[in-house]
Amino acid sequence: MLSGARLRKRLDRAFHKMEDFEVSAVRMVGTTPVLRTDGSPETYSGRNPYNDVAWTRPVLPSDHFGLLVTLKPRAERSVKTGGANK
């Protein structure tokens, strides 16, 4: 469970080196708060020990967001000459 300022500083990456596929979509997952049974967002509260300011934040499913990457087959490519098919 991280504050909004810290969430923006975390970077998730996805790499692929597949010649037969290409990325068709990327979307972030885990960005919405956990909901209670009544539909309201679950929250946790605390108090800053340095300035005694109270805060309340939503509970997220993880300590960082995830990436959902969708791949699709590439269009047919011409076969390279002088070597094995890739």
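What you see is a predicted model, and the numbers here were worked out from it, not measured in a lab.
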Checklist entry - Between Met18 and Val26, is there a shared hydrophobic cluster once you connect ILVMFWY residues whose side-chain heavy atoms come closer than 4.5 Å? => result yes
Next on the checklist: For Val59 versus Thr43, what's the shortest heavy-atom pair and its separation?
Outcome noted: CG2-C, 3.9 Å
Item to check | Connected-component partners of Leu68 among ILVMFWY, side-chain separation under 4.5 Å | outcome: Val29
Checklist outcome for this item: Across all chains, not counting sequence neighbours, the side chain to side chain contact (heavy atoms under 4.5 Å, CB included) partners of Thr70 are Ser24, Ala25
Item to check | Non-neighbouring partners of Thr32 that pass side-chain hydrogen bond (donor to acceptor under 3.5 Å, both in side chains), sequence neighbours left out | outcome: none
Checklist entry - Excluding sequence neighbours, so at least two apart, what forms side chain to side chain contact (heavy atoms under 4.5 Å, CB included) with Asp52? => result Arg47
Item to check | Residues which pass side-chain hydrogen bond (donor to acceptor under 3.5 Å, both in side chains) with Asp38, listed by chain and number, not counting sequence neighbours | outcome: Ser40
Checklist entry - Looking at residues at least two apart in the chain, or sitting in another chain, which of them share a side chain to side chain contact (heavy atoms under 4.5 Å, CB included) with Pro41? => result Pro33, Leu35
Next on the checklist: I'd like to check the salt bridge (Lys or Arg N to Asp or Glu O under 4.0 Å) partners of Lys72; sequence neighbours left out, ordered by chain and number.
Outcome noted: Glu22
Checklist entry - Which atom pair, heavy atoms only, marks the closest approach of Thr31 to Phe65? => result CA-CE2, 3.5 Å
Checklist entry - Under the 3.5 angstrom rule, does the side chain of Arg57 hit a backbone N or O of Tyr44 as a donor-acceptor pair? => result no
Next on the checklist: Do Val23 and His16 have side chains that approach each other closer than 4.5 Å (heavy atoms only, starting at C-beta)?
Outcome noted: yes
Next on the checklist: Run the salt bridge (Lys or Arg N to Asp or Glu O under 4.0 Å) test against Arg13 and tell me which residues pass, sequence neighbours left out.
Outcome noted: none
Checklist entry - Under the side-chain hydrogen bond (donor to acceptor under 3.5 Å, both in side chains) test, which residues partner Thr56, sequence neighbours left out? => result Ser45
